[in-house]
Amino acid sequence: MSQASEGSRSLHLSQVTKEFASFTAVDSLDLDVAHGSFFALLGPSGCGKTTTLRMVAGLETPTSGSIRIGDTDITYAKPYQRPVNTVFQSYALFPHLDVHENIAFGLRRRRSAEVDRQVKDMLDLVELDGQARKKPHQLSGGQQQRVALARALVNGPDVLLLDEPLGALDLKLRRAMQIELKRIQTEVGLTFVHVTHDQEEAMTMADTVAVMNAGVIEQMGAPAELYENPRTTFVANFLGQSNLIAGKVLGRDGDFVKVDMHGIAVSVPAQRAHTDGTEGWVGIRPEKVLIAEVGEDIDAPGNHLEGGIVTDVSFVGVSTQYLVRMPWGQELQVFEQNTGRRKIFAHGEKVDLSWRPEYAFLLDSSQDVNAGIEDD
Amino acid sequence: MAALTAPARAAEDSAKRVGGSRWTGYWLLAPGAIWLGLFFVVPFYSLVSASLFDPNGSVLTGYKVNYHVGNFATAVKDYHPELLRSLWYAGLATLICLVIGYVLAYAIAFKAGRWRNLLLVLVIAPFFTSFLLRTLSWKLILADHGFVVSTLQHLHVLGHDGRLLNTWLAVVAGIVYNFLPFMVLPLYASLEKIDGRLVEAAGDLYASPFTAFFKVTWPLSLPGVVAGTLLTFIPAAGDYINAQLLGSPGERMVGNVIQSLFTSSQDYATAGALSLILMIIIIGMVLVYIRKVGTEDLV
Amino acid sequence: MSPLARAGRWVRGHLVLGLGVLVLAYMFVPIAVVVLMSFNDPGKSKNVYAFRGFTLHNWEHPCGPAGMCHAVGLSVSIGLLATLVATIIGSMAAFGLVRHEFSGRGLANTIIFLPMASPEIVMGSSLLALFVSTGFGGRLGFWTIFVAHVMFCLSFVIVTVRARLAGLDDNLEQAAMDLYADERQTFWRVTFPLALPGILGAALLSFSLSFDDFIITNLNAGQTTTFPMFVWGAAQRGVPMQVNVIGTVMFVIAIAIVLGGELNNRRRARALVG
């Protein structure tokens, strides 16, 4: 299989549906993951991302649709019959076997040659040499995570699945492991499919991110593309934060769409306007919004909003986060870098807001403005 | 083409999987189920038949089922003191077991620290010495001129010719002793699950240690209390070894009667009836008790 | 703080533990007496319930009393055989209950729970009624005892093994399948080794239940005499001191097995850490 060309080892899901007794977890999903890429399935819990992963692993059988690796249909293959390995969320290390035997498990099942050498190489790769004879419960969470990774990687699968692999680690360790995982993926050159609900984690590591919601993929693309040009309110809210303001579409003017936003005329680039209707949500990321004293001249020609009042100020060190109430009653979020060159506004101050038109986007008005906002 | 056949294959596949695993489950369960069915469930039917035997039958002439319901009346008329005594002794012993068993289980669960496993082994250790031998030891400990009786006489707790052996006290103490581990283990299992922080939280919310115990620890340990009291009361009510070895004929329990009717008098009819009556009373009491306490998950 | 106050605080802090240890002591007094009496020399006295003098005679001639060692042998054989059968079919049932779906689960759980919740005298007399009514009344002995012992051990085996299996993470089996182990390999490489401590515990419990049973055995034994029946019979006349030797030996062996297992676990753990 290792002799096969790159293209023949990529992962394809077509029209995959999984229905459980009472609901549809995954709905006619189409997905192509190129060989050697680091792919992230991102979404809130219950969006179907883990079910999708388990179907690829063979731990669930799709209700309909097919899963292929290259030209081989693996839809109904048993878990042990497919060139796919998984790093489980809780690691699922065998407690009765030591680190060495945990890693050797898959090799021994396949009667692989030179088990000891392969295990040793893998221990070096995950920087666990010297821990081979320990039992899993004697390792720290981060070390267990590495063993789980090594145990899957050593088999050289065509696709490596990672089910929230960093969920159990604390924040600092998680950051370190994100970089580590990315390094290992680059080194071994395998396809990683990573399931997570942490948008920062997905964006840090993956080449391609698919945002899943209610069993379907809302949008897929490179992290920067998804962040800068979201197509749905769900993506706009779930990936980072967005200000979404109701507006009436006035018409097209060259490369821009003109929108009336509560009496203020703003423009949105035509290729970032994702609606054909007469109404829509004007979206702008909080860090793209500039805040200024009334009448002050700011470097953001085009979209200018007057009459804001600061209702909340949070100083978070690298930046200051404001809530600004606009004349139509909506509170907009504004993040400003603490460069030291601008003053920090106080609660109750009158301010003007402004943003460059090329950063704005326009979404369909039929979508729920609060979709994708997490409750916590 | 593939897209067309896939749903059919999925349906077939899942049907096969469900079917296969269902039969595996039955096959695995079958030997145990058959054994329990043949030698636990069916015997109850035999017991019911025996309770309806003609009371004039014997081992030599054989027994006939002639639906002689009178066996039940005879059993109650002749042996109701033993029945009531069994329930009373078993109830009292269960209560004592609960109090001292709770102390021990609580100490192991919350106070024993790294000695916890050792203490648990010690709790089950008595199981490894014969039940009869340990009861005979009590006979020695409580003997008339033994250390315990002399001390109690000296302290005037017991009168000059006071004794412990062959009294109801000795019988109840013996039952408490024998069934204590059955109380401690389920209590420990439920106490161990309680998060110590809950008790701390109660303390933080102005509960005194006593209030914290009765409002937090005790209610959370109720499943263990129910399981423990049942596992103690039920075997205690049918026990006759303690009554036989530590009591006098005045402390005879219903187990003694059933045992001797079966083995000595071979009056299977009355013995069967008495056994059934005991079982029915116990089931009745257990059902009422469980309903009162309101715990369904026993096992 | 005054020493008295400090002592008071210490007592209050350790009160529950102290009371617990007292309860444990209460549980051990009779065992101590059994061990002590195994060295008793009753002499010519008929009163076997008092310590008259120290001797090793009982230990040197454990089989002195007529029939006792035969009874012990019988109890051990029945215990081993009943344990083997009950452990195998009970573990199978536990695997079935935890790992497979089927209807009638509630009924199965009830039938498993009932033997633990029935008075022994009722179970014993029911079985006797069955044997008598099916014509085995005259053939009571080894095999009827064996059947009865497997019956009452089964529930304990099922409950113990099931608890162990229920505590296992399903993900482990899925991980094994993911790592190229087929169903059979998954069972023998992962599920079974992890369930083994529970199965061994169940076997130990079964043996001690079987070896110790008197009430059910006595009703279904006919002319056969197991060790507890021998003790019971002897108790009516005067107990030979050698029964205490057997009691002590059984106790020491069982404790050695339990502690040995525990120590072995700890030593392995420590060797790995160090």
Side-chain angles (χ1 to χ4, degrees), chain B residues 21-22 24-26 28-29 31-33 35-36 39-44 46-47 49-50 100 103-104 106-108 111 117 121-122 125-134 136-141 143 180 230 234-235 237-238 241 245 255 258-259 262 268 271-272 275 278-279 282 298-299, chain C residues 16-17 19-20 23-24 27 29-31 33-34 49-50 89-90 92-93 95-97 100-102 108-109 111 113 115 117-123 125-130 132-133 147-148 150-151 154 158-159 208 212 214 219 228 231-232 235 239 243-244 247 250-251 254-255 258-259 262:
Chain B
S21 87
R22 186 176 69 220
T24 319
Y26 286 122
L28 286 171
L29 205 60
W35 203 289
L36 284 179
F39 303 117
F40 179 73
V41 180
V42 173
F44 269 100
S46 308
L47 185 68
S49 311
I100 65 177
V103 171
L104 179 55
Y106 188 92
I108 297 175
K111 305 284 178 184
N117 279 345
V121 170
L122 292 182
F127 282 137
F128 301 133
T129 320
S130 164
F131 172 57
L132 282 171
L133 284 182
R134 283 181 287 132
L136 285 172
S137 295
W138 277 113
K139 196 164 176 167
L140 181 140
I141 296 164
L180 190 55
L230 291 181
I234 294 169
I241 292 175
L245 295 180
I258 297 172
Q259 148 78 15
F262 265 118
Y268 287 21
S275 251
L278 175 66
M279 192 65 196
I282 288 178
L298 281 173
V299 230
Chain C
V16 177
L17 189 58
L19 287 174
V23 176
L24 262 183
M27 294 171 77
V29 168
I31 296 172
V33 171
V34 169
Y49 301 112
I89 67 181
M92 282 167 60
F95 275 102
L97 283 168
H100 296 275
E101 284 300 320
F102 51 85
N109 282 334
I111 292 178
F113 179 65
S118 302
E120 282 190 82
I121 187 81
V122 177
M123 279 194 283
S125 51
S126 309
L127 257 182
L128 178 60
L130 173 76
V132 167
S133 65
V147 159
V150 172
M151 185 270 290
L154 259 179
I158 294 175
V159 169
S208 46
D212 203 19
F214 175 71
L219 284 167
V231 175
W232 179 261
V239 190
V243 299
N244 296 304
M250 293 304 296
F251 179 72
I255 291 291
V258 172
L259 288 183
E262 181 79 3

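Note that the structure is a prediction, hence the values are computed from the model and not measured. All values below come from the heavy atoms of this structure, side chains included, with hydrogens, waters and symmetry mates left out.
- Between Leu29(B) and Ala108(C), the closest heavy-atom pair is CD2-CB, 4.3 Å.
- For the atom pair CZ of Phe214(C) and CD of Gln259(B), the computed distance is 6.0 Å after rounding to the nearest 0.5 Å.
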Original post:
What's the verdict on side-chain contact (heavy atoms from CB on, under 4.5 Å) for Leu128(C) and Tyr268(B), showing C-alpha distance, side-chain angles and the deciding distance?
Top reply: CA-CA 9 Å; Leu128(C) 178 60; Tyr268(B) 287 21; 4.2 Å; yes
Original post:
Does the pair Leu47(B) and Val122(C) meet the rule for a side-chain contact (heavy atoms from CB on, under 4.5 Å), with working shown?
Top reply: CA-CA 9 Å; Leu47(B) 185 68; Val122(C) 177; 4.2 Å; yes
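- To the nearest 0.5 angstrom, Asn117(B) atom CG is 10.5 Å from Leu259(C) atom CG.
- Leu245(B) has its side chain within reach of Trp232(C): a pair of non-hydrogen atoms, C-beta onward, lies under 4.5 Å apart.
- Between chain B and the options Gly247(C), Pro30(C), Ala148(C), Ser208(C), the largest number of non-hydrogen pairs under 4.5 Å is found for Pro30(C).
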**OP:** Quick one: do Leu136(B) and Val243(C) satisfy side-chain contact (heavy atoms from CB on, under 4.5 Å)? Show the steps, please.
**Re:** CA-CA 11 Å; Leu136(B) 285 172; Val243(C) 299; 5.7 Å; no
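- Here the NE2 atom belonging to His100(C) is positioned 5.0 Å from the CG atom belonging to Leu28(B), to the nearest 0.5 angstrom.
- Heavy-atom pairs under 4.5 Å with chain B were tallied for Gly90(C), Ala129(C), Pro228(C); the largest tally goes to Ala129(C).
- The nearest pair of heavy atoms linking Leu36(B) to Pro115(C) is CD2-CG, 4.1 Å.
- Of all heavy-atom pairs spanning Leu17(C) and Lys111(B), the tightest one is CD2-O, 3.8 Å.
- When all heavy atoms of Ser126(C) and Ser46(B) are compared, the pair lying nearest together is O-CB, 4.2 Å.
- Between Ser125(C) and Ser275(B), the shortest heavy-atom contact is OG-OG, 2.7 Å.
- Only the side chain of Leu154(C) comes within less than 4.5 Å of a heavy atom in chain B; its backbone stays farther off.
- Both the backbone and the side chain of Ile100(B) come within contact range of chain C, each with at least one heavy atom under 4.5 Å from a heavy atom of that chain.
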Subject >> Residues Phe128(B), Ile31(C); criterion side-chain contact (heavy atoms from CB on, under 4.5 Å); working and verdict >> reply: CA-CA 10 Å; Phe128(B) 301 133; Ile31(C) 296 172; over 6 Å; no
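- Closest heavy-atom contact between Ile234(B) and Ser118(C): CG2-C, 3.8 Å.
- Checked against Leu130(C) for a side chain to side chain contact (heavy atoms under 4.5 Å, CB included), the options Phe39(B), Phe44(B), Phe40(B) give a single hit: Phe39(B).
- Contact count versus chain B (heavy atoms, under 4.5 Å) is highest, among Met123(C), Glu120(C), Met250(C), Met151(C), for Met151(C).
- Only the side chain of Ser133(C) comes within less than 4.5 Å of a heavy atom of chain B; its backbone N, CA, C and O stay farther away.
- Among the candidates Ala271(B), Pro235(B), Ala33(B), Pro126(B), the residue making the largest number of heavy-atom pairs closer than 4.5 Å to chain C is Pro126(B).
- Ranking Ile241(B), Val121(B), Val42(B) against chain C, the residue ahead of the rest is Ile241(B), based on heavy-atom pairs under 4.5 Å.
- Heavy-atom pairs under 4.5 Å with chain B peak, among Val29(C), Asn244(C), Val150(C), at Val150(C).
- Between the CG atom in Leu133(B) and the CG atom in Asp212(C) there is a gap of 8.5 Å [rounded to 0.5 Å].
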